[in-house]
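Below is one structure, written out as structure tokens, with a few remarks after it.
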Number of protein chains: 2
Amino acid sequence: MGSLTEENYIKTIYNLSLEPGEVSVSELAKKLSVKLPTVTSMIKKLSVKKMVSYAPYQGIKMTEKGKKEALSIIRKHRLAELFLVKILKLGWEEVHEIAEQLEHVNSDRFYNRIDELLGFPKADPHGEPIPDVNGKVVSQKSIPLSQANVGSSVKISAVTNDEKLFLDHLNSKGLQIGDQITVKKKEEFDGSVSIINKSRKETMLSHQVVEKIWVEL
Amino acid sequence: MGSLTEENYIKTIYNLSLEPGEVSVSELAKKLSVKLPTVTSMIKKLSVKKMVSYAPYQGIKMTEKGKKEALSIIRKHRLAELFLVKILKLGWEEVHEIAEQLEHVNSDRFYNRIDELLGFPKADPHGEPIPDVNGKVVSQKSIPLSQANVGSSVKISAVTNDEKLFLDHLNSKGLQIGDQITVKKKEEFDGSVSIINKSRKETMLSHQVVEKIWVEL
DNA sequence: AATAAATGTTAGATTAATCTAACATTTTAA
DNA sequence: TTAAAATGTTAGATTAATCTAACATTTATT
């Protein structure tokens, strides 16, 4: 983990990288309210630390290592925002500033408990997705399989449980992340769902299971 | 508000000042894990800012301004610890480190909500008293008047409510902080308490009132 | 294509917080 | 009561993050 300043650069670079086009030194300087040479020198430092890849006059690109770090900070920021709104009953407009401070708290225990207290939420109060402990982000357009319409064909984008037992269960049903599946039938009385998997076989998934499988339309 | 480093110096100086004897440069250096000259130079800086008073080779003394700042940080630290234990269910042994980070969060709204969420607690998980918003500390040996024994003579050490209405009420009963009073009778059915005030007059105080008056034995 | 505008880099200074080495004062104790 | 030990200060160096001024490269525009 780097300094507070480094964390702010990494988070900002990551956010800019999601927008179309290269991440430029001037964009970064503007976002961080510093002058251009300040950015150049910090980028060199982050480059030595392998958080970004950089060659003079070319744009700034994040490495996998940098992305991982960025997602960890963003996770903390968004969990903090949701916590401030849901638990401390602060307004969603006023929480950003406080979350900017809380995102630098270094304690996995702290953030995992907040995650738990909030029921492992998928999005912050602004609807932005919250990366999980491993930096996995459930796309904003994803929904739990339990909410997919009968007849729709969807792609498994994520599972919100990493337990071996759960993953083994999915394997035994012939399911994997990335698979395209079709929703055949939804049982009202117990919330179970019948689907057709990649191998065109029909299987039944319980309510507990379809709640934990997230899909993209 | 000063830098994070300044806040740590101020908090540490305050804590050392509660122990008997002068606060020395070497004590501070040891507590903060820095060398002596580092302390000397920071003390000079804090002295310019009127947080401490200092003359070379004499000890370090806190000013009122410094104490106020220290109590604000300590309040945040202790609220954070209690929050971590009570709400996030972390162990009391592990919360100190996280609280060291949270105490630097700059947001009154944040801490006042936590205070509220915890029910305006008087002590942290270690039994250390939590200063209120105004830096007032209820001594560890204080108890609410509602818990004092009949026949005991006690001194009013604090009131946990600053509303004019409440303070006017106390005035009308001839009560002030610092007054020595005697508990005459406690009514079981409504929690009211009869006391004898400084002027040897007997008065009845309701449950709501005796809950908010803290006394020392 | 030549040049002006925009963008990026280098060099060197500044500030906060730290350090080491050398010196000064105060306290302890022989 | 003076020498040794402990404690504190000053001077000057270092590192992180920032700045301004000067220079370099890239992009846009006539």
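Throughout, protein chains are lettered first and strands after them, A, B, ... in sequence-line order, and every chain is numbered starting at 1. If you're wondering where the values come from, they're calculated on a predicted model, not measured in any experiment.
What separates CD1 of Ile43(A) from P of dT9(C) is a distance of 9 Å, to the nearest Å. Note: CG (Leu46(A)) to P (dA16(D)) measures 12 Å, nearest angstrom. Following rounding to the nearest Å, Met42(B) (CE) and dC19(C) (C1') show an atom-to-atom distance of 14 Å. Put simply, CG on Leu4(B) is 13 Å from C1' on dA16(C), counting in whole angstrom units. For Tyr54(B) and dT9(D), the OH to C1' distance is 7 Å, given to the nearest whole Å. Taking atom CD of residue Glu27(A) and atom P of nucleotide dT7(C), one finds them 10 Å apart after rounding to whole Å.
For Tyr9(B), there are no ring pair (Phe, Tyr, Trp, His ring centres under 6.0 Å) partners, not counting sequence neighbours. In terms of the salt bridge (charged side-chain N to carboxylate O under 4.0 Å, His left out) criterion, residue partners of Glu100(B) (sequence neighbours excluded) are, by chain and number, Lys11(B). With sequence neighbours excluded, no residue forms a salt bridge (charged side-chain N to carboxylate O under 4.0 Å, His left out) with Glu7(B).
Listed pair Thr40(B) / dT9(D) meets the phosphate criterion, a side-chain N or O lying under 4.0 Å from OP1 or OP2.
With values rounded to the nearest 0.5 angstrom, Glu19(B) atom CD is found 6.5 Å from Glu27(B) atom CD.
Within residues 29-38 of chain B, the residues that place at least one heavy atom under 4.0 Å from DNA chain D are, in residue-number order, Leu36(B), Pro37(B). A heavy atom closer than 4.0 Å to some atom of DNA chain C occurs in Pro56(A), Tyr57(A), these being the qualifying members of residues 55-63 of chain A. Of the residues in residues 13-26 of chain A, not one places a heavy atom less than 4.0 Å from an atom of DNA chain D.
Residue Val183(B) is tested with Val210(B), Val193(B), Val215(B) for a side chain to side chain contact (heavy atoms under 4.5 Å, CB included); the sole match is Val193(B).
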